[in-house]
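Here the structure is a predicted model, which means the values were calculated and not measured.
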Amino acid sequence: MGLLQLLKTQFLCHLIICYVFVLSGLIVNVLQLCTLPLWFVNKQLARRINVRLCYCISSQMVAVLEWWSGSECTLYTDPKSYPLYGKENAIVVLNHSFEIDFLCGWTFCERFGVLGSSKVLAKKELAYVPVIGWMWYFLEIVFCKRKWEEDRRTVAQDLQNLKDYPEKFWFLLYCEGTRFTPKKHQISMKVAETKGLAKLKYHLLPRTKGFWVTVQNLRGSAAAVYDSTLNFRNNETPTLLGILNGKKYHADLYVRRIPLESIPEDEAECAAWLHKLYQEKDSFQEQYAQTGHYPGPIMSPSRRPWTLINWLFWSCLLLYPLGLLLAQLISSGSMLTILASVAFCSAADLTSQILSGGSLDDWPD
């Protein structure tokens with residue numbers, strides 16, 4: 001292990017990364033709050049400002065993946081579709097098999113310049129979580145309660161509100177609803193057998209209602225569905241803690257562009273279409289397992305420097321006052337302040353380990 005790699009595994013480095021992310025995120029949240037009056041004067045300008053502010057937060061996580069861990073992503077896609085990425089609104093359907101697949105989805109958005117405006121369908125509880133949840137609130141993320149009768153109306157209304165959105169956006173969907181595990185897969189395939197549906201080997205059964213509502217309400221604003229299937233080389237199972245420790249992974253992403261008008265409008269037909277899509281995704285994963293690659297040519301976009309520049313900006317801005325504070329603590333010689341600092345660091349270490357070992361999917365449905 002080299003000196004630089006050893007440094008990346010140290011708790012102090014992790015603490016600094018978390019400190020910069022949380023404090024910069026709270027500053028951005030305050031700035032977003034200041035845009036509320038502007039919303040009533042010039043709604044579109046307020047939206048554009050919030051896209052840039054949200055980028056300040058989300059791009060830091062992408063920077064950790066791309067620049068800190070040095071992870072790489074190879075994109076398999078149709079050369080005819082490639083020039084359209086980032087130039088149109090789209091619904092991105094992702095498989096949900098890895099702890100960092102949301103981060104890879106964000107990286108996909110970043111490579112084509114739509115990270116700041118990318119959106120997801122998230123649990124309502126997340127709207128109350130500082131930094132990420134508050135950022136999403138101002139970004140007009142679509143929140144749901146997982147209660148279909150309530151969500152059908154509120155989710156549809158939130159999606160309709162995006163029709164005049166001034167920036168190109170991608171709406172990221174995890175149709176499986178939760179991350180793949182052997183236990184969940186076993187339960188899901190029992191449901192498939194009960195309903196007479198084709199069984200899947202690498203995916204859970206997709207939840208069709210949320211997909212149908214999204215497609216129906218984004219017709220006329222989104223141009224296509226990007227069917228995206230993710231896997232990692234060497235049968236690796238990447239984790240957030242691995243990324244934080246600077247471990248390098250290599251992701252392979254297969255993306256197909258499907259025009260939105262080719263998807264049935266009828267709910268039952270749309271559900272059947274989605275089930276067929278997941279059968280095809282399963283065959284792609286089977287091919288990857290056997291050959292180590294997806295079908296189609298490689299069209300990999302290069303990393304953009306903006307994530308690194310943003311990360312360095314916030315680090316320089318926030319580490320200087322922290323350094324002054326630590327210098328004062330040491331020079332004061334006060335045992336109480338030193339013990340308090342040690343207790344704070346220990347608590348932060350424990351918190352980071354808990355967060356790194358879990359995920360949003362551990363929340364109750």
Side-chain angles (χ1 to χ4, degrees), residues 1-22 24-25 55-77 82 85-86 92 94-116 118 132 172 228-255 288 292-294 297-319 349 352-353 355-359:
M1 180 184 294
L3 180 60
L4 180 60
Q5 186 59 39
L6 179 64
L7 184 65
K8 290 180 178 180
T9 63
Q10 301 306 302
F11 163 65
L12 181 60
C13 291
H14 301 168
L15 185 62
I16 290 173
I17 291 173
C18 293
Y19 161 78
V20 172
F21 177 76
V22 172
S24 65
Y55 184 84
C56 291
I57 298 177
S58 54
S59 67
Q60 289 187 54
M61 299 184 69
V62 174
V64 172
L65 178 71
E66 290 187 325
W67 299 96
W68 179 259
S69 78
S71 295
E72 299 179 6
C73 181
T74 298
L75 177 65
Y76 294 79
T77 193
Y82 185 84
Y85 298 158
V92 182
L94 293 151
N95 57 314
H96 206 356
S97 304
F98 304 98
E99 189 174 302
I100 68 164
D101 49 20
F102 81 95
L103 195 50
C104 293
W106 277 8
T107 303
F108 182 34
C109 293
E110 161 58 22
R111 296 289 174 94
F112 293 97
V114 293
L115 175 60
S118 64
I132 293 292
L172 278 58
S228 308
T229 307
L230 176 73
N231 216 323
F232 288 85
R233 296 185 183 179
N234 304 317
N235 293 319
E236 289 190 304
T237 303
T239 63
L240 289 172
L241 184 58
I243 294 295
L244 204 56
N245 281 327
K247 185 174 181 179
K248 183 177 180 178
Y249 299 103
H250 196 132
D252 286 318
L253 182 66
Y254 178 51
V255 180
Y288 189 89
H293 60 79
Y294 288 115
I298 294 175
M299 301 289 295
S300 295
S302 59
R303 290 184 298 183
R304 305 195 316 158
W306 310 118
T307 55
L308 180 61
I309 292 172
N310 175 73
W311 194 27
L312 291 176
F313 166 77
W314 285 107
S315 298
C316 293
L317 181 67
L318 299 176
L319 289 178
D349 183 31
S352 66
Q353 291 184 36
L355 290 176
S356 298
S359 77

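- Of all non-hydrogen atoms in Leu240 and Glu99, the two that sit nearest each other are N-OE2, 3.0 Å.
- Across all their heavy atoms, Leu318 and Val20 have their closest contact at CD1-O, 3.8 Å.
- No option in Arg304, Arg303, Arg111 other than Arg111 meets the salt bridge (charged side-chain N to carboxylate O under 4.0 Å, His left out) test with Glu66.
- A pairwise comparison of heavy atoms in Trp67 and Pro305 identifies CZ2-CA, 4.2 Å as the closest pair.
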Are Gln60 and Ser24 close enough, and set up right, to give a side-chain hydrogen bond (donor to acceptor under 3.5 Å, both in side chains), and what steps lead you there?
CA-CA 10 Å; Gln60 289 187 54; Ser24 65; 2.8 Å; yes

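- Between Val255 and Phe108 the shortest side-chain heavy-atom distance falls below 4.5 Å.
- Atom-to-atom distance recorded for Leu312:CG and Thr307:OG1 is 9.5 Å, nearest 0.5 angstrom.
- Here OG1 of Thr107 is found 8.0 Å from CG of Leu115. Values are rounded to the nearest 0.5 Å.
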His250/Thr74 under side chain to side chain contact (heavy atoms under 4.5 Å, CB included): CA gap, chis, key distance, verdict:
CA-CA 8 Å; His250 196 132; Thr74 298; 2.7 Å; yes

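- When side chains are defined from C-beta on, Cys104 counts as touching Phe232, because their heavy atoms get closer than 4.5 Å.
- Separating the OG1 atom in Thr239 from the NZ atom in Lys247 is a distance of 7.5 Å, to the nearest 0.5 Å.
- Ser71 places a side-chain N or O within donor-acceptor distance of the main-chain N or O of Tyr249, the cut-off being under 3.5 Å.
- Across all non-hydrogen atoms, the minimal contact from Leu172 to Ser118 is CD1-CB, 4.4 Å.
- With values rounded to the nearest 0.5 angstrom, Cys56 atom SG is found 15.0 Å from Trp311 atom CH2.
- Salt-bridge formation is not detected for the pair Arg233/Glu72: no Lys NZ or Arg NE/NH1/NH2 atom is positioned less than 4.0 Å from an Asp or Glu carboxylate oxygen.
- Summarising the geometry of Pro301 relative to Leu75, their closest heavy-atom pair is CD-CD2, 3.9 Å, with the distance given to 0.1 Å.
- Note: Trp306 CH2 to Phe313 CZ = 14.0 Å, rounded to the nearest 0.5 Å.
- For the pair Met61 and Ile132, the tightest heavy-atom approach, listed with the atom from each and the gap, is SD-CD1, 4.3 Å.
- Side-chain contact of Trp314 with Asn310: a donor-acceptor pair under 3.5 Å is present, judged by distance alone.
- Side-chain contact annotation: Thr77 with Tyr85, donor-acceptor N/O pair under 3.5 Å present.
- With contacts defined as side-chain heavy-atom distances shorter than 4.5 Å, the pair Tyr294/Leu253 does not qualify.
- Taken to the nearest 0.5 Å, the OH atom of Tyr55 stands 11.5 Å off from the SG atom of Cys109.
- In this view, Asp101 and His96, Phe98, Tyr174, Leu230 satisfy the side chain to side chain contact (heavy atoms under 4.5 Å, CB included) rule, not counting sequence neighbours.
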Go through the steps for Asn231 and Tyr254 under the test side chain to side chain contact (heavy atoms under 4.5 Å, CB included), then give the verdict.
CA-CA 9 Å; Asn231 216 323; Tyr254 178 51; over 6 Å; no

